[in-house]
Amino acid sequence: MFKRYRRTRSNTLFRDLLQESRLVIDDFIYPLFIKEGRGVKIEVSSMPGVFQMSIDEAIKECDELKRLGIRSIILFGIPTIKDSVGSEAMDEDGIIAKATREIKRSHEDMLVVVDVCFCEYTDHGHCGVLDPKTKNVHNDATLLNLKKQSLILAQAGADMLAPSGMMDGMVKSIRDELDKNGFENLPIMSYSTKFASAYYGPFRDVAQSSPSFGDRKTYQENPANRREAILESLEDEAQGADILMVKPALAYLDIVRDIRERTLLPLAVYNVSGEYAMLKMAGKAGLIDYEKCVLETMLSFKRAGADIIISYHAKEIANFLNS
Ligand code: PBG
Ligand code: ZN
């Protein structure tokens, strides 16, 4: 009788020895949503366990993250004032510029990544400047603003920029601007393959960034397109991205694998808000073993070829891995 597979599954020593992918907490980046004020910490109803917080609370949160072994965060801003171009994103006293400076001052040893986009800062909720005639996001006008936003965040002390707006040419524009201003050592992690996904729903509640009209299909990718998804990540590599990304993660594992096989760059996945909410709610309803399902999902990202996982589950995972 054929027994090869059963033979090497017979005990944990064999199973651990033969395990092909593994989760380590160093692979994770934890997202933080920053708001004005002091002592503010508001739980998001669609994402239990995720909070909007003021800078002082974020600084306390970093103590907790380091205690858990998490040393990388990505910042999203919730400005007090929104306008048609998202001015606050280009202001050195804007919420994320301030948060970056203050977090780096208290936590020099934390890797602070910043999301570079305008949807949280515009009153219409789109990821850039609108063309007055078509009401479509104007690509090249947005590139000019992305340069300004990037420079402000670089000067504030960000360790890495993560442009997420899906404008054509965004990586090259930002790279040129950084290089011209003495930031040639600052890496760019591009949201290189980002789909127009319904899984961003809860994030848009937290970040208050839902488009007030239309959708993001004129700049984010069609979920049906595989070749285009590969092309666009390779394009960002050619433009000088240091790290590529696929977003969302779970419904796009095939794309993660496709890109993994075509680039030698590090590859991140963004395990998005809707993915988090689904597991969370199923866990709360007692329908699944939450811990096991979270770990199995994370392992699927590693198996598909991801090096880095951006996830709202990072703190829970740290606890699971430590116990
Ligand atoms: C916006 C942005 C989005 C996310 C991160 N940056 C989504 C969007 O297009 O509205 C989604 C993150 C998540 O759902 O967790 N540039
Ligand atoms: Zn955006």
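Computed from a predicted structure; not experimentally measured. We number each residue from 1, following the sequence as shown. Both ligands and their constituent atoms are indexed starting at 1 by order of listing.
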- prompt: So, Ser150 and Glu177: side-chain donor and acceptor under 3.5 Å apart, yes or no?
  reply: no
field: Lys98/Glu88 ion pair, N-O < 4.0 Å
entry: no
message: For Tyr290 and Phe320, take the angle between the two ring planes, folded into 0 to 90°, and tell me which bin it lands in: parallel under 30, tilted 30 to 60, perpendicular over 60.
response: perpendicular
- prompt: Are any of the side-chain heavy atoms of Arg71 and Leu111 separated by less than 4.5 Å?
  reply: no
field: Residue list, side chain to side chain contact (heavy atoms under 4.5 Å, CB included) with Arg262, at least two apart or on another chain
entry: Arg226, Ile230, Leu234, Asp258
- line: Taken by chain and residue number, the protein N/O/S atoms under 2.8 Å from the Zn ion (ligand 2) read Cys117 SG, Cys119 SG, Cys127 SG
Considering only N or O atoms, set out every pair between ligand 1 and the protein closer than 3.5 Å, with distances to one decimal place.
unit_1	atom_1	unit_2	atom_2	d
ligand 1	6 (N)	Lys247	NZ	3.4
ligand 1	9 (O)	Lys194	NZ	3.3
ligand 1	9 (O)	Arg204	NH2	3.4
ligand 1	9 (O)	Arg216	NE	3.1
ligand 1	9 (O)	Gln220	NE2	2.8
ligand 1	10 (O)	Arg204	NE	2.6
ligand 1	10 (O)	Arg204	NH2	3.1
ligand 1	10 (O)	Arg216	NE	3.3
ligand 1	10 (O)	Arg216	NH2	3.2
ligand 1	14 (O)	Ser273	N	3.3
ligand 1	14 (O)	Ser273	OG	2.7
ligand 1	15 (O)	Ser273	N	2.8
ligand 1	15 (O)	Tyr312	OH	2.5
ligand 1	16 (N)	Ser164	OG	2.9
ligand 1	16 (N)	Lys194	NZ	3.0

message: Taking the six-membered ring of Tyr200 as reference, does the cationic atom of Lys194 (NZ for Lys, CZ for Arg) lie under 6.0 Å from its centre and within 45° of its axis?
response: yes
- prompt: Are Ser190 and Asp236 linked by a side-chain donor-acceptor pair shorter than 3.5 Å?
  reply: yes
query: With sequence neighbours left out, which residue pairs that include part of residues 160-174 fulfil the salt bridge (Lys or Arg N to Asp or Glu O under 4.0 Å) condition?
result: Lys172-Asp176
Electrostatic pair Arg257:Glu261 at N-O distance under 4.0 angstrom: yes
